[in-house]
Amino acid sequence: GAGVSQSPSNKVTEKGKDVELRCDPISGHTALYWYRQSLGQGLEFLIYFQGNSAPDKSGLPSDRFSAERTGGSVSTLTIQRTQQEDSAVYLCASSSTWAGNQPQHFGDGTRLSIL
Amino acid sequence: GENVEQHPSTLSVQEGDSAVIKCTYSDSASNYFPWYKQELGKRPQLIIDIRSNVGEKKDQRIAVTLNKTAKHFSLHITETQPEDSAVYFCAASNGGKLIFGQGTELSVKP
């Protein structure tokens with residue numbers, strides 16, 4: 001596609017439910033990144049993929065968070081047993097290669113609200 | 001790990017004036033420094049970036065400078081316009097993930 005696509009754009013769910021967030025990177029981009037942005041805050045790194053492998057998961061806040069990428073394209077971020085502190089905008093970005101120094105292009109994000 | 005500090009947190013200028021935002025980083029291995037502009041409710045958009053083998057880069061009204069010795073880099077916007085009003089984020093990377101500063105809310109008053 002022309003840009004990074006994320007779905008859903010908004011998600012409201014009850015505390016304790018599981019949620020899945022989807023990211024479709026720019027066609028041909030091999031690197032994919034997940035970030036989280038809390039209200040009025042900066043962007044916090046979660047995890048990134050080189051192809052289908054995740055060499056850096058250091059930003060995942062807890063074992064309730066997991067992510068996968070299949071076919072070197074679409075990625076899914078899953079949050080189990082959601083808590084109110086999980087409320088944030090989850091942003092996905094992609095870059096042409098996994099090597100450093102390549103521009104990362106962001107999607108519009110998924111705004112997650114936990115009631 | 002890398003830590004990026006950004007100042008000021010808010011900046012108000014008159015239209016036509018210049019704006020400068022400064023960032024410092026902690027990891028001397030960082031070698032890529034992008035700047036993003038984020039308007040309210042929108043995605044972060046890359047406006048300029050610089051790599052560690054370059055000291056300065058300019059694109060029309062926007063310029064970025066990098067001082068590797070002091071581990072700081074700055075964004076300069078000249079002849080500011082109301083449409084420059086947004087939150088600006090700096091970031092640093094040594095491969096893979098970006099570590100972001102906390103953002104600067106720039107307001108350009110007509």
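Every chain is numbered from 1 and lettered A, B, ... according to where its sequence line falls, protein lines coming before strand lines. Everything numeric in this text was worked out from a predicted model, so none of it was measured.
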For [X], look at atom [atom1] and say whether over 12 heavy atoms of other residues, nucleotides or ligands are found less than 6.0 Å away.
X	atom1	result
B/E83	CD	yes
A/E14	CD	no
B/E79	CD	no
A/K11	NZ	no
B/Q81	CD	yes

Is the centre of the B/F100 ring less than 6.0 Å from the centre of the A/Y35 ring?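 Yes: the rings meet the under 6.0 Å criterion.
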Grouping I, L, V, M, F, W and Y whenever their side-chain heavy atoms are under 4.5 Å apart, do [X] and [Y] come out in a common cluster?
X	Y	answer
B/V64	B/V4	yes
B/V54	B/L66	yes
A/F49	A/I79	yes
B/I62	B/Y32	no
B/I77	B/L46	no

Pick one of side chain, backbone, both or neither for A/V89, based on which atoms fall under 4.5 Å of a heavy atom in chain B.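 Looking at A/V89, nothing touches chain B.
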With a 4.5 angstrom heavy-atom cut-off, could you sort out which part of A/L91 is near chain B: side chain, backbone, both or neither?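 For A/L91, side-chain heavy atoms alone lie under 4.5 Å from chain B.
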Less than 4.5 Å to any heavy atom of chain A: does that hold for the side chain of B/L98, its backbone, both, or neither?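 Both parts, backbone and side chain.
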Which of residues 33-43 of chain B have a heavy atom under 4.5 Å from any heavy atom of chain A?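 When heavy atoms of chain A are the reference, residues 33-43 of chain B contributes B/Y36, B/Q38, B/R43 within the under-4.5 Å range.
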Is any residue of residues 101-110 of chain B within less than 4.5 Å of chain A by heavy atoms, and which ones?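 Contacts with chain A: B/G101, B/Q102.
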Determine which pairs satisfy salt bridge (Lys or Arg N to Asp or Glu O under 4.0 Å) with at least one residue from residues 30-49 of chain A, sequence neighbours left out, and list them in order.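 Residue pairs passing salt bridge (Lys or Arg N to Asp or Glu O under 4.0 Å), neighbours aside: A/R36-A/E44.
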With a 4.5 Å limit on heavy-atom distance, are the side chains of A/N101 and B/S93 in contact?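 Answer no - side chains too far apart.
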Residues of residues 103-115 of chain A under 4.5 Å from chain B (heavy atom pairs)?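 Only A/P103, A/Q104, A/F106, A/G107, A/D108 of residues 103-115 of chain A have a heavy atom under 4.5 Å from chain B.
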